[in-house]
Amino acid sequence: MAVDTSGGRKLFESATGDALAAKELSVSTLRAMRAEIRAAAVVVDVALPETGSSGIEVHLEHVDGPAISVLEPYTISGSDVRAEPLEGHTAQHVIW
């Protein structure tokens, strides 16, 4: 998702079947748009091998601000979804 310079939202999808490839494609698309946007979020479903669970990773950037990353680990057992505490940290800029 991106927010353009006038405040409008742009939503797009990079469905590749692979989280890393989807993230790279999304970042590449956003880099190409960076003169037209002021903020962006890249969201991917990732595997967390160290815990054996999955997670939703959200990378956020603003043209004039910091880059941050938030991770929501989760596990699924049958129809039960168990979310773990959010983890957030400062990230490297990849769009601006």
Side-chain angles (χ1 to χ4, degrees):
M1 173 177 238
V3 177
D4 64 27
T5 54
S6 65
R9 289 182 227 135
K10 299 175 183 266
L11 183 62
F12 58 93
E13 179 180 0
S14 300
T16 65
D18 176 81
L20 182 58
K23 184 175 182 178
E24 290 173 358
L25 182 58
S26 295
V27 167
S28 177
T29 300
L30 290 164
R31 277 189 190 141
M33 299 169 53
R34 66 182 166 201
E36 305 159 20
I37 61 175
R38 63 179 178 189
V42 177
V43 181
V44 290
D45 190 8
V46 296
L48 305 171
E50 62 278 1
T51 63
S53 63
S54 297
I56 302 297
E57 178 187 61
V58 182
H59 177 85
L60 303 154
E61 284 190 37
H62 190 279
V63 66
D64 295 323
I68 61 172
S69 183
V70 179
L71 179 67
E72 174 70 50
Y74 69 90
T75 54
I76 299 174
S77 178
S79 62
D80 184 43
V81 178
R82 182 171 175 243
E84 301 295 328
L86 285 172
E87 302 170 17
H89 56 87
T90 302
Q92 295 291 324
H93 282 267
V94 294
I95 300 165
W96 286 279

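Not measured: the values here are computed from a predicted model. Side chains included, hydrogens not; waters and symmetry mates left out as well; all remaining heavy atoms used.
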Taking only residues two or more places apart in sequence or in another chain, which ones pass side-chain hydrogen bond (donor to acceptor under 3.5 Å, both in side chains) with [X]?
X	answer
Ser77	none
Asp4	Ser6
Ser53	Thr51
Arg82	Glu84

message: To the nearest 0.5 Å, what is the distance between CD on Gln92 and CD1 on Ile68?
response: 14.0 Å

Going by side chain to side chain contact (heavy atoms under 4.5 Å, CB included), name the residues that satisfy it together with [X], two or more places apart in sequence or in a different chain.
X	result
Ala47	none
Ala67	His59, Glu61, Ala91, His93
Ile76	Tyr74, Val81

Would you give me the side-chain donor-acceptor pairs under 3.5 Å for residues 23-30, sequence neighbours excluded?
residue : atom : partner : partner atom : Å
Lys23   : NZ   : Glu57   : OE1          : 3.1
Ser26   : OG   : Ser14   : OG           : 3.0
Ser26   : OG   : Ala22   : O            : 3.0
Thr29   : OG1  : Leu25   : O            : 2.9

message: One pair to check against side chain to side chain contact (heavy atoms under 4.5 Å, CB included): Val42 and Val94. What are the steps and the verdict?
response: CA-CA 11 Å; Val42 177; Val94 294; over 6 Å; no

Indicate if [X] and [Y] have the same hydrophobic cluster label, given that clusters are the connected sets of ILVMFWY residues with side-chain heavy-atom separations under 4.5 angstrom.
X	Y	result
Val63	Val3	no
Phe12	Trp96	yes
Met1	Met33	no

Side chains of Ile56 and Val43 in contact at under 4.5 Å (non-hydrogen atoms):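 Yes. Closest side-chain heavy atoms under 4.5 Å.
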
- prompt: Considering all heavy atoms of both residues, which atom of Ala35 and which atom of Thr5 are nearest to each other, and what is their separation?
  reply: O-CG2, 4.2 Å

task: Indicate the atoms forming the closest heavy-atom contact of Leu60 with Ala41, along with that distance.
output: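 Taking every non-hydrogen atom into account, CD2-CB, 3.5 Å.
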
- request: Provide the full list of salt bridge (Lys or Arg N to Asp or Glu O under 4.0 Å) pairs with a residue in residues 27-50, sequence neighbours left out, each pair given once.
  value: none

